[in-house]
Amino acid sequence: MLDPTDWELFRAQGHRMLDDMVDYLQTIRERPVWQQAPESAQAYFHHGIPRHATPLPELHDTFMQHILPYSVGNTHPGFMGWVHGGGTPVGMLAEMLAGGLNANLGGRNQIPIEVERQVIGWMRDLFGFPAQSSGVLTTGTSAATLIALVTARDAAQQKHPNATTWAAYTSTQAHGCIARALKIMGWQGCLRKIPCLDDHTINLAALQQAITEDQQHGIQPWLIIGTAGSVNTGAVDDLQGLAQLAKQCDAWLHVDGAFGALALLSPQLAPRFRGIESADSLAMDFHKWGQVPYDAGLILIRDGEQHRQSFAAADAYLQREEQGLAANSPWPCDYGLELSRGFRALKIWFTFQSLGTARLAEMIEQSCALAQQLGEWVKATPTLELMAEVSLNIVCFRYCGDQSLSPERYDAINRAIIVHIQQSGLAAPSLTFLRGRAVIRAAIVNHRTQQEDIGKLLAATLVAVQACQSTSSRSHSDATPFTFIFSP
Ligand SMILES: *Cc1c(COP(=O)(O)O)cnc(C)c1O
């Protein structure tokens with residue numbers, strides 16, 4: 001009913017679409033990293049639900065003209081904002097194959113489930129998790145964290161049936177998805193944010209003290225969350241120390257390895273993550289440093305049976321058989337939030353198979369080397385200061401060139417500098433705050449980023465400093481004279 005009437009026409013159109021996307025990736029450097037979409041483009045997306053058909057070539061044209069140029073820009077080597085992966089051409093092709101197959105990976109007896117199990121098995125091996133551990137692919141670390149924390153809560157309630165008040169611990173640098181998961185569970189009140197050391201890793205002594213105080217008040221510690229690559233600075237908590245403390249107080253250790261965990265692929269970086277193999281659960285993403293197209297995350301849980309108990313449902317329409325389509329239990333839907341789910345595993349499988357982990361590790365090491373280089377350049381620039389030691393692939397810095405400015409003015413100018421750089425189309429850092437002060441943050445995650453790109457970021461920063469300084473006496477809203485200075 002909905003298939004094309006002329007398959008040859010459709011095939012030719014499909015080939016044109018593929019060619020356009022290969023061209024797009026091949027010539028990505030010739031584009032601005034990001035540009036503000038004009039109102040004319042936005043207007044295309046303001047009309048109501050279409051009753052009548054539009055020819056495919058016309059829709060393709062709209063995509064090329066009004067969508068493609070105005071996406072966030074994370075495929076571009078100059079994109080360094082937040083923590084975004086760049087994707088790969090092979091990942092794009094895998095998405096197409098998965099789209100055509102349209103498999104529902106909730107479960108059932110099919111090879112796509114085997115592919116997902118294999119990918120999870122690879123990660124189990126990489127992180128040193130035992131054979132009885134379980135896992136499920138998710139949209140990302142936010143969803144993975146919720147699955148982990150629900151399982152941890154169920155385990156804690158079984159282990160401590162008499163406990164009435166509970167405490168969970170993480171650092172002040174932990175990602176917001178942790179507090180959000182607890183909020184969704186209705187357990188937000190139990191979260192303690194432990195201060196960090198100068199290197200932005202959790203202060204273990206302060207954690208130990210908080211646990212002891214809680215225990216003295218009859219509060220049951222149930223969860224400790226460590227970060228393996230913090231979102232602000234790339235700091236890696238002392239995971240061995242956390243594992244020891246978790247063991248002492250009989251709490252669950254969850255590790256947020258959203259982007260950082262894949263650094264274990266590198267023999268050079270892996271020792272920094274010692275202790276990760278002791279975690280009760282680990283959340284990580286493939287769509288960041290793994291360069292797998294959005295979206296793809298994973299939760300791994302040491303006690304697979306506990307995990308299954310927390311999520312498996314006995315609904316009549318999901319009953320299993322020994323043979324036929326309803327065989328092959330347990331299914332992914334027994335381990336997560338979703339019943340219907342796509343074939344995310346395929347793009348991960350293709351990425352790892354076609355590139356190999358040696359090459360992925362090399363790319364991850366390159367990101368770290370570039371971040372070190374950028375850090376050195378910042379230190380050598382008198383008007384800039386490095387705001388945190390470069391731990392992995394994230395560089396936090398700011399303009400500090402005018403001693404007469406108040407801290408608030410510095411914040412305003414640095415914020416204006418970031419917007420100015422983004423609007424230049426040359427690079428795209430993002431804003432964050434460290435110890436209450438605005439900083440320019442460059443996360444080198446994209447595999448396409450090279451030395452010339454961090455050079456462009458620095459040059460664009462210095463241009464932005466000039467522009468924002470000359471207007472710094474005006475109000476903040478005026479202090480951002482954004483001119484488009486991109487040139488390929
Ligand atoms: C990105 C990130 C998250 C959230 O992961 P999503 O995949 O965006 O849901 C959590 N923790 C850290 C450290 C991150 O960098």
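Whatever order the structure lists them in is the order used to number ligands and atoms, beginning at 1.
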If the threshold is 4.0 Å, N to carboxylate O, is there a salt bridge linking E305 and R308?
yes
Look at R29 together with D453 and state whether they make a salt bridge at an N to O cut-off of under 4.0 Å.
yes
Heavy-atom nearest neighbour in the protein, as seen from [atom], with distance rounded to 0.1 Å:
| atom | result |
| --- | --- |
| atom 11 (N) of ligand 1 | D256 OD2, 2.6 Å |
| atom 4 (C) of ligand 1 | H175 CE1, 3.5 Å |
| atom 15 (O) of ligand 1 | K288 NZ, 3.0 Å |

Within the 4.0 Å heavy-atom shell around [X], which atoms of ligand 1 are there?
| X | answer |
| --- | --- |
| G140 | 7 (O), 9 (O) |
| A258 | 2 (C), 3 (C), 10 (C), 11 (N), 12 (C), 13 (C), 14 (C), 15 (O) |
| G229 | 13 (C) |

Mind checking whether T170 and I202 have side chains closer than 4.5 Å, heavy atoms only?
no
Are C400 and L384 close enough that some pair of their side-chain heavy atoms sits under 4.5 Å apart?
no
Just to check, does C177 reach to within less than 4.0 Å of ligand 1 when the distance is taken from its heavy atoms?
yes
Using a 3.5 Å cut-off on N or O atoms only, is H287 in polar contact with ligand 1?
yes
Using distance alone, determine whether S230 and ligand 1 share an N or O pair under 3.5 Å.
no
Write down the atom of E116, the atom of A345, and the distance for their closest heavy-atom approach.
CA-CB, 3.4 Å
Specify side chain, backbone, both or neither for S142, according to which of its non-hydrogen atoms lie closer than 4.0 Å to ligand 1.
both
For ligand 1, is any non-hydrogen atom under 4.0 Å from D285's backbone (N, CA, C, O), its side chain (CB onward), both, or neither?
side chain
Does any N or O in the side chain of D285 come within less than 3.5 Å of the main-chain N or O of H287, such that one atom is a donor and the other an acceptor?
no
Candidate pair K193 and I178, rule side-chain contact (heavy atoms from CB on, under 4.5 Å), full reasoning
CA-CA 11 Å; K193 293 255 184 105; I178 290 156; over 6 Å; no
Does the ring center of W252 lie less than 6.0 Å from the ring center of W222?
no
